[in-house]
Amino acid sequence: MGIQSIGDGFKKTLQNTVDKAKEKGQDIELLDVKEVGKNATKQVKNSLQEAVKIVQNIEVADMKEAGEKATKQIKESLQGTVKAVSNVELPDLKQAGTDVTNQAKDFINKVSRSQTTIDQESEKDHDILYVSSKNAIKIIYFLMAADGKIYQGEEEKFAAVGIELDPMFHKSRSQIVKECDRYLKKVSDSSDYYKVLQAGVEKALESGSKHSNSEIPTKVLVWDLLSVAYSDGAYDDIEHDLIEYVVKKCRVEQSVFVEMESSMLTLRDLEKELEWIKTIDRPYLEIENIVKEIEYRKKVITDSVYDLISL
Amino acid sequence: MPLPLLFIGIAATTGSYGVGKTIKAGFDVNNAKTINKDANEIIEGATKQLNAQRKACGNSLNNLGKEKVFVLNNSMKKYVKTFKKIKHIDFKRSRGLKELHKLHVDQAKFVEIESMVNFAGSIAGGAIAGTTGGALAAFGAYSAAQALATASTGTAIASLNGVAATNATLAFFGGGSLAAGGLGMAGGTAVLGGLVAGPAFMVMGIIAGHAAKKDLEKAYTNRAEAIQIATQLDEASLQCESIRRRTYVFFNLLARLDAYFLPLVYKLEEIVATEGRDYRLYSDESKKVVASCASIAVTIKTVLDTPVLKKDGSLTSESEEKALNVQSFLDQLVEQV
């Protein structure tokens, strides 16, 4: 709930209550009403101003944390306001004062309830920014198993990838493979295979986000998954779907994913061009010029991917 | 067993990612000195981010400009030289080659391509002489046709350097220091389509050296102003990012087109060498090669002709549409190969 709307809501509540009190308390000396009203309004105003200043001064490290801090401090300020109002001397307008207090309390409870709902929703939809090395390796294992099985050549690739992500991979490898295979054995029907893979990936992603020693930014993970998927020359639908699932789960921008795919396709085409160049019969200087240009383009694309991930 | 292509390992990720904004712990809201310090840090953070973005953006435009020059000076130059030798080209009469009926070899387009090749030759000469300056970025940002049009007098390199020197946004991407007094073209001039105005740049260069105001109210004002300026700088960062990413879309498309084009151009040279110069006498397979070359050449020309930036430094909407069209062409080309 915005600060403005909280302030407006509170003001409206106060005004309604004062108006009702005025209707009831026609016989009450106006001086008392005015004084009470003035005191209450002044204290509410001070509390709200304090709340606004507090919100302005909060470092916006991330929106969720800022929102939580702001709401907590506004709540405390408003609760302070309620106390302040209920402490105001109301010799003849005790009932009116009680009404104000009750309505303010109701209002605060309403804000608290909506904040609880927001908390629950945001807990479900939190961004996954990092994944631990171990879980990243598991996700890569699931991707490599997407076509049904990990073949010998792929096992070597898996080992190379594992060491790149975790220098102690030689110690953790058998445990990781065991945990992943345990998941894959749950497949009862070939039509369930993708669902099982996805469930395994989901678990790995969810586990990683709650640990403070997470190491791989999720954008890097997406790039590495594409790199692995394209490494055998074929990028099939199930691999694409699994990587896209990771993209959506981690809330990586779809446009970033599309650009990464485009960069990977370009690198693949440049590699093919390099392979072709080796086969042609042309003057060395001419070939050298082209090879240099292709290598330069590969470097530019690498740098562009780093920029896409880091900036 | 080699790693998959460009796999990023843990060593590369440590400390490398996130220029990011500095996250600071809370500060004493009642102390003018700390509030002013915080205001400065807000500006510093936004400045750091924008400097990183504009440098990366400038690099992307340079890279695209350089790639355009290479394609024109190499694959395209070879293609023009060989294609001109072939006589009696008529795709409509090619029996059994249905797709060729749709291809129209536009003489005017061919002449334009030839002009671009000549134009690029002088830029490449400038690159060797080390006189490109901002010319490559200008060539990357704007259409080749626009660059040709401005080169009415003088050399290509001089005209592009002229564009680079007089355009505020290109100067902004040039990466030079924006410290007070060194703003050059960007100072006082709107860049990025007017997204960022002069005063924000002054602050960027100086790093909000507001004298530590003792008065608390003035400190709050400083901070409020700093937030406003930082917001503007953040918008500029986002715009730089958009331009950079669009530029690299074109870089990738051109790289892919060239990767298919060059082998076909070499085949074209072999066809002329072995089958002669009369298209009518070519085999069906050779006719397909001729047509494919023409088709890709026209598509490359589209990429070269599509400006990424408008004169005011904002992104062109045309570039998004053309990128999609070229991508679609490439998807079909890959299927046919």
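The sequence lines fix the lettering, A, B, ..., with proteins before strands; numbering per chain opens at 1.
Across Val228(A), Ile163(A), Leu221(A), the residue that shares the most heavy-atom pairs under 4.5 angstrom with chain B is Val228(A). Options Asp166(A), Asp224(A), Asp232(A) differ in how many heavy-atom pairs under 4.5 Å they form with chain B, and the most are formed by Asp224(A). Residue with the most contacts toward chain B among Asp269(A), Asp303(A), Leu265(A): Asp269(A) (heavy-atom pairs, distance under 4.5 Å).
Residue Tyr230(A) does not touch chain B at all, counting heavy-atom pairs closer than 4.5 Å. Of the two parts of Leu262(B), the backbone and the side chain both hold a non-hydrogen atom closer than 4.5 Å to a non-hydrogen atom of chain A. Contact of Val256(A) with chain B is made through backbone and side chain together, with heavy-atom distances under 4.5 Å. Of the two parts of Ile140(A), only the side chain, counted from C-beta on, holds a non-hydrogen atom closer than 4.5 Å to a non-hydrogen atom of chain B. For Asp258(B), the parts sitting under 4.5 Å from any heavy atom of chain A are the backbone and the side chain alike.
Between Glu286(A) and Lys78(B) there is a side-chain heavy-atom pair separated by less than 4.5 Å. With a 4.5 Å cut-off on side-chain heavy atoms, Ile301(A) and Phe251(B) count as touching. Taking 4.5 Å as the limit, every side-chain heavy atom of Val249(B) sits out of range of all side-chain heavy atoms of Ser262(A). Inter-residue side-chain proximity for Phe7(B) and Glu164(A) is flagged as met; some heavy-atom pair is nearer than 4.5 Å. The shortest side-chain heavy-atom distance between Ile8(B) and Tyr306(A) falls under the 4.5 Å cut-off.
Checking Asn63(B) against Tyr296(A) by side-chain atom types alone, a donor-acceptor pair falls below 3.5 Å. Judged by distance alone, the side chains of Arg245(B) and Ser255(A) do bring a donor and an acceptor atom under 3.5 Å apart.
Listed here is the closest heavy atom pair of Leu6(B) and Ser227(A): C-OG, 4.2 Å. When all heavy atoms of Leu311(A) and Gln49(B) are compared, the pair lying nearest together is C-NE2, 4.3 Å.
Around CD of Gln254(A), the count of heavy atoms belonging to other residues, nucleotides or ligands within 6.0 Å exceeds 12.
Between Glu293(A) and Lys66(B) there is no salt bridge, since none of the side-chain N atoms of the basic residue sits less than 4.0 Å from a carboxylate O of the acidic one. Note on Arg256(B) versus Glu273(A): no salt bridge recorded, every NZ/NE/NH1/NH2 to OD/OE distance being 4.0 Å or above.
Judged by the 6.0 Å and 45° rule, Arg282(A) forms a cation-pi pair with Tyr266(B).
No close placement of the Trp276(A) and Tyr260(B) rings is indicated, their centers lying 6.0 Å or farther apart.
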